[in-house]
Amino acid sequence: MTELDAQARIRSVLDDAVGTPAEFDTPIMREAAQAVRVRNTDGDNTFPRPVHRRVITIANQKGGVGKTTSTVNLSVALAMHGLRVLVIDLDPQGNASTGLGVEHSSGTPSIYEVLVDALPIEEAAVPVEQAPNLWCVPATIDLAGAEIELVSVVAREHRLRRAIAAYGNDVDYILVDCPPSLGLLTVNALVAGDEVLIPIQCEYYALEGLGQLLNNIDLIRSHLNHGLLVSTILLTMYDGRTKLADQVAQEVRNHFGELVLDVVIPRSVRVSEAPGYGQSVMTYDPGSRGALTYYEAARELADRGTRMQPVPPRESV
Ligand code: ADP
Ligand code: MG
């Protein structure tokens with residue numbers, strides 16, 4: 001057995017240990033499971049199309065809270081269930097591109113050229129093999145310079161919004177994965193989006209910095225994108241062994257109410273292993289708790305998409 005095999009086996013044993021029912025039998029997880037059971041009685045496996053194309057920006061300036069993991073798994077889940085999805089990787093680290101198994105070495109047509117050289121999205125988007133009707137605009141390391149290069153570009157905050165407005169492909173969802181900062185790239189994503197999805201990690205410092213993010217979103221709303229709203233909060237990396245996870249989850253629910261999806265994404269080794277294989281957990285281990293909960297999150301997201309207001313005015317910029 002190679003060292004890698006051994007590591008993988010140890011991890012999988014640990015993962016199973018973490019997943020014993022007793023440890024996940026907490027009020028938070030019971031409530032989530034109950035809500036999920038109620039919804040799943042219809043047995044239809046196709047997700048409904050949204051009232052209009054949804055441009056959802058996945059943002060949280062904290063690193064490591066599950067932005068990329070959520071972008072990758074939600075997009076694959078939505079696409080696997082009949083919806084047409086475009087992922088825009090807006091992080092120079094290119095983690096979403098990696099997780100979707102998309103080429104993103106320096107020089108590959110990418111979001112950098114879209115933002116800086118006004119390359120049409122169609123010319124940078126590539127099909128993702130993991131699911132039908134899923135495309136990704138990759139991010140290469142070239143994007144690292146974009147924060148600075150964009151400063152002198154015309155309408156620098158509106159570059160992504162304009163590119164999306166000109167995108168002719170009839171997709172149902174566009175998910176934009178943000179870098180862990182509140183710089184010009186994230187501003188572009190917030191100006192481009194109709195909605196913000198904020199992943200919140202069920203851990204101690206999770207709420208720190210959230211106020212700053214919400215203030216920034218308010219600023220963008222008043223100055224650059226009047227239609228922007230925080231539509232969705234997703235609790236991620238829930239660890240049933242710590243009381244703290246429950247407290248954080250409860251606090252977030254008290255504060256954000258309906259915005260918080262019922263389902264909670266547990267911490268699971270399978271989820272973190274998948275990108276190493278250029279895959280989402282949806283394809284890497286479809287039966288795992290990580291995959292099942294991301295499936296549920298995608299389903300909730302899609303259900304909410306049917307109860308939205310008709311097409312919001314997209315003022316020209
Ligand atoms: P962000 O994009 O916000 O920086 P990531 O999605 O990259 O965060 O997640 C940070 C790290 O945590 C990654 O290594 C990822 O694989 C891991 N991770 C994310 N979600 C989970 C989860 N539910 N269980 C276990 N590990 C996770
Ligand atoms: Mg990321």
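Whatever order the structure lists ligands and atoms in, that order sets their numbers, starting from 1.
- A salt bridge links D218 with R221; the closest basic N to acidic carboxylate O contact falls under 4.0 Å.
- We find that R270 and D285 are joined by a salt bridge, their nearest charged nitrogen and carboxylate oxygen being less than 4.0 Å apart.
- Of all atoms in ligand 1, numbered sequentially from 1 with element shown, those under 4.0 Å from a heavy atom of S268 are 22 (C), 24 (N), 25 (C), 26 (N).
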Expected list for residues 147-157: side-chain donor-acceptor pairs under 3.5 angstrom, two or more places apart:
unit_1 : atom_1 : unit_2 : atom_2 : d
E147   : OE1    : L184   : N      : 2.6
E149   : OE1    : Y112   : OH     : 2.4
E149   : OE2    : Y112   : OH     : 3.3
S152   : OG     : E149   : O      : 3.3
R156   : NH1    : V151   : O      : 3.2

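- In this structure the side chain of T232 reaches within 4.5 angstrom of the side chain of L261, judged on heavy atoms.
- Among L143, N95, T68, L185, the one residue that satisfies the side-chain contact (heavy atoms from CB on, under 4.5 Å) test with P179 is L185.
- When each atom of ligand 1 is checked for a heavy atom of V65 under 4.0 Å away, the hits are 1 (P), 3 (O), 8 (O).
- Side chain of E195 to backbone of V230: no donor-acceptor contact under 3.5 angstrom is found.
- Ion pairing between a basic and an acidic side chain is recognised when a charged N comes within 4.0 Å of a carboxylate O; D172 and R49 show such pairing.
- Residue D177 places no N or O, backbone or side chain, under 3.5 Å from any N or O of ligand 1.
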Item to check | S181 vs Q61, side-chain hydrogen bond (donor to acceptor under 3.5 Å, both in side chains): CA-CA, chis, key distance, verdict | outcome: CA-CA 4 Å; S181 73; Q61 79 276 25; over 6 Å; no

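- Side chain of N73 to main chain of Y294: no donor-acceptor pair is present (N/O by atom type, distance under 3.5 Å, no hydrogens or angles).
- The protein non-hydrogen atom at the shortest distance from atom 12 (O) of ligand 1 is M237 CE, 3.9 Å.
- E129 CD: 12 or fewer foreign heavy atoms inside a 6.0 Å radius.
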Next on the checklist: What verdict does the side-chain hydrogen bond (donor to acceptor under 3.5 Å, both in side chains) test give for H104 and S110, after you've listed the backbone C-alpha separation in whole Å, the side-chain angles of each residue and the deciding distance to 0.1 Å?
Outcome noted: CA-CA 8 Å; H104 62 108; S110 68; over 6 Å; no

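- Listed by number with element, the atoms of ligand 1 under 4.0 angstrom from any heavy atom of P266 are 22 (C), 23 (N), 24 (N).
- Compare T69, D239, V72 by their heavy atoms: the one nearest to atom 19 (C) of ligand 1 is in T69.
- Residue T68 has at least one N or O atom closer than 3.5 Å to an N or O atom of ligand 1.
- The aromatic rings of F47 and Y295 sit tilted relative to each other, their planes meeting at an angle between 30° and 60°.
- Protein heavy atom nearest atom 4 (O) of ligand 1, with residue, atom name and distance: G64 N, 2.7 Å.
- The protein atom (non-hydrogen) at minimum distance from atom 14 (O) of ligand 1 is S272 CB, 4.8 Å.
- Among protein atoms, those of element N, O or S found less than 2.8 Å away from the Mg ion (ligand 2) are T68 OG1.
- For atom 10 (C) of ligand 1, the nearest protein heavy atom lies closer than 4.0 Å.
- Taking 4.0 Å as the cut-off, G290 does not count as a neighbour of ligand 1 on heavy-atom distance.
- Under a 4.0 Å criterion applied to the non-hydrogen atoms of V271, ligand 1 contributes the atoms 20 (N), 21 (C), 22 (C), 23 (N), 24 (N).
- Atom 25 (C) of ligand 1 lies below 4.0 Å from at least one non-hydrogen atom of the protein.
- At under 3.5 Å, a nitrogen or oxygen of G66, whether backbone or side chain, sits near a nitrogen or oxygen of ligand 1.
- Under 4.0 Å is where a charged nitrogen must lie from a carboxylate oxygen, and between E258 and R253 no such pair does.
- Counting atoms of ligand 1 from 1 in the listed order, those under 4.0 Å from a heavy atom of G63 are 4 (O).
- Atom CG of L90 sits about 12.5 Å away from atom CG of L175, to the nearest 0.5 Å.
- Polar contact check, I265 against ligand 1: no nitrogen or oxygen pair lies under 3.5 Å apart.
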